Novice: 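Handing you a structure now.
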Amino acid sequence: MTDPNVRPDSSNGEEDTVALDAKGLRALAHPVRVQLVGLLRKYGPSTATRLAERLGVNSGTASYHLRQLGAAGFVEEDTERGNARERWWRSVHRTTWFNDPDLTEREPEAALAYQQSVAAIYTLRTQQTLNELQTMPRAWRNTFDMSDWALRLTPEEAAALYQELAEVIARYRRDAPETVTSAPEGSERVAVITQILPELDAPAASSLPCGPQEEEGSPTS
C-alpha cells in the first residue's frame, strides 16, 4: 500500500518525497511498516487501533511499528487530533523514492526486504481489485487492465521508457486525502503500478535452436 515511487524532481515537489537513505531503508524493511505508511498516505491520519484493524494485526504490533517509523522520520504524531487516551499518526511525506545502486550494494538484505514488501503489497492490491471487479459500476470495470509487453531494449532505452511513463502519469491529478473534496464529481482513486522487469535469462532470437522446418518457415506442431 505504497504510492508508486517517483523521482524527487517530479511535479509533486521535493518536500513531498522522501529519498531513502540507509536508516530509512532499514526502517522500511518490514512489510507491516510499508503498509502502515501506505495507509496513512491513502486515508490520512489515523490511530494504531484503526490501522491494526485494516491490517489484521493487534494494536500493540501497529503501535510498535508506528513508533519505529516515527523514529525514522516517516510518520509523526498528529497533535491536533490526539489526546491523552488516543494517539493519532500522520505520514510526513506523500511518496517514497528508492533508486540508489550504491545503497543497494551496502544494504543488500534491507533493500531486498523492502522491495519484496512493496512487490507483495502490489500483488495484494491487484487481487483485491479483482475480487471487487464484478460489483463495480460497468464504467469503472471497463477501465481495469492487466497488460504486459515484451520489448528488447538497451539499459539506456529502458531508462528512457521509465522516464516517459513517469512524465505521462505526472500530467494527471494526484490523489491525497486533502484533495478529495476538490476533485471533479465522479472521480475515484486509481492506482497505476509500473514495473520494468529486466529478463536477462531470456535468450536472444539468434541463439534459439531452429530445426529445418522452422528455417523454411513451415508451421511446427
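As the structure is a prediction and not an experimental result, all values here were calculated from the model.
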Novice: Within the 3.5 Å criterion, strictly below it, is a donor on Ser59 or Thr49 matched to an acceptor on the partner's side chain?
Specialist: no
Novice: Same cluster or not: Leu151 versus Leu165, using hydrophobic residues (I, L, V, M, F, W, Y) connected whenever any side-chain heavy atoms lie under 4.5 Å apart?
Specialist: yes
Novice: Taking all atoms of both residues into account, what is the closest heavy-atom pair of Ala27 and Leu69, and its distance?
Specialist: O-CD2, 4.4 Å
Novice: Considering all heavy atoms of both residues, which atom of Lys23 and which atom of Ala71 are nearest to each other, and what is their separation?
Specialist: NZ-O, 3.4 Å
Novice: Grouping I, L, V, M, F, W and Y whenever their side-chain heavy atoms are under 4.5 Å apart, do Leu112 and Val34 come out in a common cluster?
Specialist: no
Novice: Kindly indicate whether the side chain of Phe144, heavy atoms from C-beta on, has any atom under 4.5 Å from the side chain of Leu130.
Specialist: yes
Novice: Looking only at heavy atoms, which two atoms of Ala191 and Arg125 are closest? And how far apart?
Specialist: CB-NH2, 3.0 Å
Novice: Starting at CG of Leu40, measure out to CZ of Phe74 and round the result to the nearest 0.5 Å.
Specialist: 13.0 Å
Novice: Is any side-chain heavy atom of Lys42 closer than 4.5 Å to one of Arg189?
Specialist: yes
Novice: In the structure I gave you, are the side-chain heavy atoms of Arg87 and Arg67 within less than 4.5 Å of one another anywhere?
Specialist: yes
Novice: Rounded to the nearest 0.5 Å, what's the gap from OH on Tyr122 to OG on Ser117? Could you check?
Specialist: 11.5 Å
Novice: Can you check whether Asp100's main-chain N or O pairs, donor with acceptor, with Thr104's side chain at less than 3.5 Å?
Specialist: yes
Novice: I need the Asn142 CG to Leu133 CG distance, nearest 0.5 Å.
Specialist: 9.0 Å
Novice: Locate the shortest heavy-atom distance separating Arg94 from Ala176; write the atom from each residue and the value.
Specialist: NH2-CA, 3.6 Å
Novice: For Ala158 versus Ile196, what's the shortest heavy-atom pair and its separation?
Specialist: O-CD1, 3.8 Å
Novice: Rounded to the nearest 0.5 Å, what separation is found between the CG atom of Leu39 and the CZ atom of Arg41?
Specialist: 11.0 Å
Novice: Closest heavy-atom contact between Arg33 and Arg26?
Specialist: NH1-O, 4.3 Å
Novice: Counting C-beta onward and ignoring hydrogens, is there a side-chain heavy-atom pair between Glu167 and Tyr162 closer than 4.5 Å?
Specialist: no
Novice: Taking Leu55 as the starting point, is it possible to reach Tyr43 by hopping between hydrophobic residues whose side chains are less than 4.5 Å apart?
Specialist: yes
Novice: With no hydrogens and no angle check, do the side chains of Arg81 and Ser46 hold a donor and an acceptor under 3.5 Å apart?
Specialist: no
Novice: Any side-chain heavy atom of Phe98 sitting closer than 4.5 Å to one from Leu103?
Specialist: yes
Novice: Run the salt-bridge test on Arg90 and Asp78 with the 4.0 Å N-O cut-off and return the result as yes or no.
Specialist: yes
Novice: For residues Tyr172 and Ile193: do they belong to one hydrophobic cluster (side chain heavy atoms under 4.5 Å, members Ile, Leu, Val, Met, Phe, Trp, Tyr)?
Specialist: no
Novice: Without swapping roles, check the side chain of Glu157 against the backbone of Thr154 for a donor-acceptor pair under 3.5 Å.
Specialist: yes
Novice: In this structure, are over 12 heavy atoms from other groups packed under 6.0 Å from Glu109 atom CD?
Specialist: no
Novice: Tell me, yes or no, whether the heavy-atom count around Asp148 atom CG, taken from other residues, nucleotides or ligands under 6.0 Å, exceeds 12.
Specialist: no
Novice: As a test of understanding, state which of Thr61, Val37, Thr47, Leu51 forms a side chain to side chain contact (heavy atoms under 4.5 Å, CB included) with Leu66.
Specialist: Leu51
Novice: Using the rule given for side-chain contact (heavy atoms from CB on, under 4.5 Å), can you reason through Trp140 versus Val190, listing the C-alpha separation, both sets of side-chain angles and the distance that settles it, and then say yes or no?
Specialist: CA-CA 10 Å; Trp140 281 112; Val190 174; 3.6 Å; yes
Novice: Nearest 0.5 angstrom please: Asp21 CG to Arg106 CZ, how far?
Specialist: 9.5 Å
Novice: About how many Å separate CD of Glu77 and CH2 of Trp89, when rounded to the nearest 0.5 Å?
Specialist: 5.0 Å
Novice: Quick one: does any side-chain atom of His93 pair with a main-chain N or O of Thr95 as donor and acceptor, under 3.5 Å?
Specialist: no
